Amino acid sequence: MFDFLSQKFSSLFSSLESSKKLTEHNIQETLHSVEQALLEADVPYGVVQTFIAAVKMDVVGQKITGALKPAEQLMMIVEQKIVEFLGGSDAAFSFSFPLTVMVMGLQGSGKTTTIGKLAYKIKKDAEKNNTVRRILVGSVDFYRPAAIDQLEVLAKQVGISFYRAQSNDPVMAAKEIMFFGRENGHDVVLLDTAGRLHIDNSMLQELQEIDALLRPSHKILVLDAMTGQESLAVAKAFDDTIGFQGAILTKMDSDTRGGAAFAFRFVLKKPIVFVGEGEKVTDLNVFYPDRAAERMLGMGDIRSLLERAEEKVSAAEHEKAEQALKSGAFTLQDFADQMAMMNKIGSLSQLLKYMPGMGLNISSEMIQRGEVELIRFRAIISSMTLKERLNTTILNNSRMQRIAQGAGVAVADVTKLLKRFEEAKQYVKI
Ligand SMILES: Nc1nc2c(ncn2[C@@H]2O[C@H](COP(=O)(O)OP(=O)(O)OP(=O)(O)O)[C@@H](O)[C@H]2O)c(=O)[nH]1
Ligand SMILES: [Mg+2]
């Protein structure tokens, strides 16, 4: 996902890192390169202009403080803006039950596959919560031969119910499927609809009729991320005629440049709720704007930037900390070292994943999340005084605020670190 942009951005920011100071000139130059990267990734021109203008505004308004250098701060601003564009402040999407979902989209966008994935996810989530969902899937796609059989096969594979309507009129068939679901106590009905190669009025009208008759609790649009900017026009057409709550972007595992995904939230003002990243029923993931942004900016680069921030802590302080360590107490410094070691193990297991026969069960997402946390924690620890590191009980509100500001993080991140530290302490014999 977003590999293209991540490659562009990471080389961009690492070249900036070597220049010591941000000047009017290199800010312009960097933003120009960001602009180019977004355009090359197929983000629509107008969206790119708005994005760059928003970053510029923040750069001007930002005070340069604390442990981060100006260049690092610029990177943070870009990251924050990306998160915003991808839907940062959206509340996490959740389904409510009983659930009826009408799944719509162009032909070949991945509707049927996505229904299989959704059913699988709903089933697994319920199992985790010790509940059972009675899930029914049905299709009203009478245009493509074998479309309905494909759904039946998927339903068997996932282990959920499937109903084949008698009628071959889409609206009547939809009614039949819904009726069957209700009569048989299903609390989840996922309805697969027919797609066309292009937006056409008869498709939209058919969907409008089904919508008016069934009033599904959710309408979800499936978009093929490979189709680029055109998919935004498709989304607009669906939104204007039928409306939908959110989109699922499929084929994010392919070599899409991701421009449409980048622009979707901004243009449509609707969330991307899931992304499809493969053909299997397990390949559906919740879309997290902040994680996508971190990935785009290349974690390695952010890490090395913050490592340098850490180096600012004087060698003398390190020495003193070491002395304190020898006295036997488990300090934040130990904790930081421990985390760094765990992170190394994480990267190693990621490597092993690519070797045949070594299917270690650590997802790259877990590793990435760990890495991001580690970077934040390091920055936080770096902006603490030695006294604070050795004795966290002296951390009052104003100290926490100073530390957060110095590390360029929120106070909540400092609190989180302290909580983790307290938890870790319990496992260490003092
Ligand atoms: N790599 C990849 N392939 C996908 C993904 N989602 C769907 N596909 C593939 O895309 C193709 C089309 O998927 P379908 O689910 O049949 O699409 P559809 O929208 O139901 O198509 P119609 O029924 O013809 O309108 C299939 O070969 C799927 O395996 C995905 O997230 N990643
Ligand atoms: Mg289909």
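Counting starts at 1 for both ligands and their atoms, following the listed order. Please read all numbers here as calculations on a predicted model, not as lab measurements.
Looking from atom 27 (O) of ligand 1 to the surrounding protein, the closest heavy atom is Glu279 OE1, 3.6 Å. What sits closest to atom 24 (O) of ligand 1 on the protein, heavy atoms only, is Arg144 NE, 2.6 Å. Of the protein's non-hydrogen atoms, Lys251 CE, 3.9 Å is the one closest to atom 8 (N) of ligand 1. Looking only at heavy atoms of the protein, atom 2 (C) of ligand 1 is closest to Asp253 OD1, 3.5 Å.
Judged by the shortest distance from any of its heavy atoms, Gln150 lies inside the 4.0 Å radius around the atoms of ligand 1. Using a non-hydrogen distance threshold of 4.0 Å, Arg196 does not register as a contact of ligand 1. Proximity of Leu284 to ligand 1 is not established, as no heavy-atom distance is less than 4.0 Å. Residue-ligand proximity: Gly108 is placed with a non-hydrogen atom under 4.0 Å from ligand 1. Look at Asp283 and you'll find every heavy atom at least 4.0 Å from all atoms of ligand 1. At least one heavy atom of Gly278 sits less than 4.0 Å from an atom of ligand 1.
Interatomic distance, CG of Asp42 versus OG1 of Thr256, reported as 8.0 Å (0.5 Å rounding). Considering CG of Asp3 and NZ of Lys8, their distance stands at 13.5 Å, rounded to 0.5 Å. One distance of note links NZ of Lys121 with CZ of Phe95; it measures 9.0 Å at 0.5 Å rounding. Atom CG in Leu118 sits 4.5 Å away from atom CD1 in Ile248 (nearest 0.5 Å). Atom CD1 of residue Ile380 and atom CE of residue Met400 lie 10.5 Å apart, to the nearest 0.5 angstrom.
A salt bridge does not link Asp413 with Lys416: none of the charged nitrogens is closer than 4.0 Å to a carboxylate oxygen. A salt bridge links Lys81 with Asp58: at least one charged nitrogen is closer than 4.0 Å to a carboxylate oxygen. Under the 4.0 Å criterion applied to side-chain N and carboxylate O atoms, Lys419 and Glu422 are not assigned as salt-bridge partners. Electrostatic pairing of Arg164 and Asp149 counts as a salt bridge here, judged by a charged N lying under 4.0 Å from a carboxylate O.
With hydrogens and angles disregarded, a donor-acceptor distance shorter than 3.5 Å links the side chain of Thr250 to the backbone of Leu223. A donor-acceptor pair is defined here as one N or O able to donate and one able to accept, closer than 3.5 Å; such a pair exists between the side chain of Arg134 and the backbone of Gly185.
Proximity of Lys117 to ligand 1, defined as any heavy-atom pair under 4.0 Å, is confined to the side chain (atoms from C-beta onward). Contacts with ligand 1 closer than 4.0 Å are made by side-chain heavy atoms of Asp141 only, the backbone lying farther away. At a 4.0 Å heavy-atom cut-off, ligand 1 does not touch Ala147 at all. Residue Asp192 does not touch ligand 1, judged by heavy-atom distances below 4.0 Å.
In summary, an N, O or S atom of Thr112 is located under 2.8 Å from the Mg ion (ligand 2).
Ligand-side atoms of ligand 1 in range of Gly276: 31 (O), range being under 4.0 angstrom from any heavy atom. Interface atoms of ligand 1 facing Glu277, defined by a heavy-atom separation under 4.0 Å, are 31 (O). Taking every heavy atom of Leu106 and a limit of under 4.0 angstrom, the matching atoms of ligand 1 come to 19 (O).
Considering Thr112, Val103, Thr113 only, the shortest heavy-atom separation from atom 13 (O) of ligand 1 involves Thr113.
Between Lys111 and ligand 1, an N or O atom pair is found at a separation short of 3.5 Å. Polar contact with ligand 1: absent for Met252 (N/O pair, distance under 3.5 Å). Ligand 1 has no nitrogen or oxygen under 3.5 angstrom from a nitrogen or oxygen of Thr250.
Heavy-atom contacts from other residues, nucleotides or ligands closer than 6.0 Å to CZ of Phe97 number more than 12.
Paired with Leu191 under the rule side chain to side chain contact (heavy atoms under 4.5 Å, CB included), one option of Ile210, Ile115, Thr100 passes, and it is Ile210.
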